[in-house]
Number of protein chains: 2
Amino acid sequence: MFSIGELSRRTNVKIPTIRYYEESGLLDAPERTEGNQRRYDAAGLERLSFIKHARDLGFSIEAIAALIELQGHPDRSCAEATDIASAQLSDVRAKIKRLRALEKELVRISKGCDGNGMTEDCYVLASLADHRLCEREH
Amino acid sequence: MFSIGELSRRTNVKIPTIRYYEESGLLDAPERTEGNQRRYDAAGLERLSFIKHARDLGFSIEAIAALIELQGHPDRSCAEATDIASAQLSDVRAKIKRLRALEKELVRISKGCDGNGMTEDCYVLASLADHRLCEREH
DNA sequence: TCTTGAACCTCTAGTCACTGGAGATCGTAT
DNA sequence: ATACGATCTCCAGTGACTAGAGGTTCAAGA
């Protein structure tokens with residue numbers, strides 16, 4: 001049995017975040033001491049590690065809740081879990097695609113100005129003001 | 001002179017968002033009709049287009065406010081503007097890097113499970129539960 | 001046993017960039 | 001004159017935390 005601070009140290013999840021996860025229903029409410037302080041066991045640590053890992057991979061709280069639900073039913077098909085994972089993968093890929101387009105445009109804009117002139121003639125500002133100066137949609 | 005609805009249509013920025021930009025100081029408060037409705041001119045349209053374009057490129061409201069500030073001083077060096085743009089570029093590149101790592105990990109996790117088994121043996125769930133199954137840090 | 005001080009508790013509010021709704025008023029076409 | 005869509009302000013909600021105030025508890029040392 002260990003305190004919330006100890007759990008925080010072991011998982012690298014901040015204390016208010018742990019309480020937030022509890023409030024959102026991702027973490028079961030743990031036992032309490034007589035003085036009302038939370039005391040966790042190995043199961044709590046495992047659960048929080050799962051959540052942390054999933055959050056690091058960008059899963060939403062909602063998706064994580066669904067994954068935890070599935071974990072609790074070892075006899076159910078895991079198709080749902082793989083669906084959630086592949087949805088997350090598509091999401092990540094879409095974000096990468098969009099960011100690459102932005103990167104290209106930002107490189108183009110930045111190249112146009114060496115930073116030595118006056119704002120009057122700044123290509124950065126001109127590009128932002130006039131969308132026609134862009135090469136592609138974004 | 002045109003209404004907020006017309007401005008919204010022309011810029012593809014939603015009406016509440018336009019009001020939000022005004023409240024945040026990015027847009028000057030426009031003239032009003034006798035009945036208190038906003039009426040915009042070409043300058044308002046131009047300004048909002050600038051903001052929209054910068055937001056599409058991922059600049060924060062704060063960064064945009066700084067860029068607008070600079071726009072208003074044509075005689076100042078544009079080094080600051082290029083700095084803001086290159087900071088934004090680094091930011092975008094950092095995000096891409098991180099997302100690529102996540103993508104790799106998600107592909108690996110997804111590959112391990114065909115979705116036909118039971119959750120009990122699901123590699124997706126097992127991977128999330130046990131960080132040691134990951135190939136790299138993320 | 002007592003005291004200290006770090007750790008913990010709850011509750012509220014703030015972050016960013018919007019988005020949506022309620023309820024009231026305005027503008028314009030017929 | 002009337003109808004009705006557009007607009008007004010104000011307030012609350014989103015996601016995933018984060019921070020602070022003000023009070024209580026735990027554990028170690030004297």
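Order of the sequence lines fixes the chain letters, A, B, ..., with proteins taken first and strands second; residue numbering starts at 1 for each chain.
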Checklist entry - Passes side chain to side chain contact (heavy atoms under 4.5 Å, CB included), B/E46 versus B/D41? Steps please. => result CA-CA 9 Å; B/E46 212 172 293; B/D41 57 12; over 6 Å; no
Next on the checklist: salt bridge (Lys or Arg N to Asp or Glu O under 4.0 Å) for A/R38 and A/E22? Distances and angles first, verdict last.
Outcome noted: CA-CA 11 Å; A/R38 291 168 179 82; A/E22 181 183 328; 2.8 Å; yes
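Across the protein-nucleic acid pair, A/E22 atom CD and D/dT18 atom C1' stand 17 Å apart, rounded to whole Å. In this structure, B/M1 atom CE and D/dT7 atom P are separated by 14 Å, rounded to whole Å. The distance between atom CZ of B/F2 and atom P of C/dT28, rounded to the nearest whole Å, is 15 Å. Straight-line distance from the CZ atom of B/R38 to the P atom of C/dT25: 17 Å, rounded to whole Å. Atoms CD1 (B/I15) and P (D/dT7) sit 5 Å apart, rounded to a whole Å. Residue B/I18 contributes atom CD1, which lies 14 Å from atom P of C/dG20 at whole-angstrom precision. When the C1' atom of D/dC8 is taken as reference, atom CD of B/E23 falls 14 Å away, rounded to whole Å. Atoms CD (A/E62) and P (D/dA16) sit 8 Å apart, rounded to a whole Å.
The minimum heavy-atom distance between B/T119 and A/S77, with the atom names listed, is CG2-O, 3.5 Å. The minimum heavy-atom distance between A/C113 and A/C122, with the atom names listed, is SG-SG, 3.6 Å.
Side-chain contact, B/Y40 with B/R47: no donor N or O sits under 3.5 Å from an acceptor N or O.
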Using a cut-off of under 3.5 Å, enumerate the N/O to N/O pairs linking the protein to nucleotides 11-14 of chain C.
none

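Within a 6.0 Å radius of CD in A/E62, no more than 12 heavy atoms belonging to other residues, nucleotides or ligands are found. The neighbour count for A/E6 CD, taken as heavy atoms of other residues, nucleotides or ligands under 6.0 Å away, is above 12. Within a 6.0 Å radius of CD in B/E103, more than 12 heavy atoms belonging to other residues, nucleotides or ligands are found.
Taking the centre and axis of the six-membered ring of B/F2, the NZ or CZ atom of B/R39 falls outside the cone set by 45° and 6.0 Å.
The side chain of B/Y21 contributes an N or O atom lying less than 4.0 Å from OP1 or OP2 of C/dC18. OP1 or OP2 of D/dT7 has at least one side-chain nitrogen or oxygen of B/S3 nearer than 4.0 Å. Taking only side-chain nitrogens and oxygens, A/S60 never comes nearer than 4.0 Å to OP1 or OP2 of D/dG15.
Non-hydrogen atoms lying under 4.0 Å from DNA chain D are contributed by B/R32, B/N36, B/Q37, all within residues 25-37 of chain B. Less than 4.0 Å separates DNA chain C from at least one heavy atom of each of the following residues of residues 4-12 of chain A: A/I4, A/G5.
Proximity of A/F59 to B/L106: side-chain heavy atoms (C-beta onward) are separated by under 4.5 Å at one or more points. Contact of the B/R19 side chain with the B/Y21 side chain is not registered, since no non-hydrogen atoms from C-beta on lie closer than 4.5 Å.
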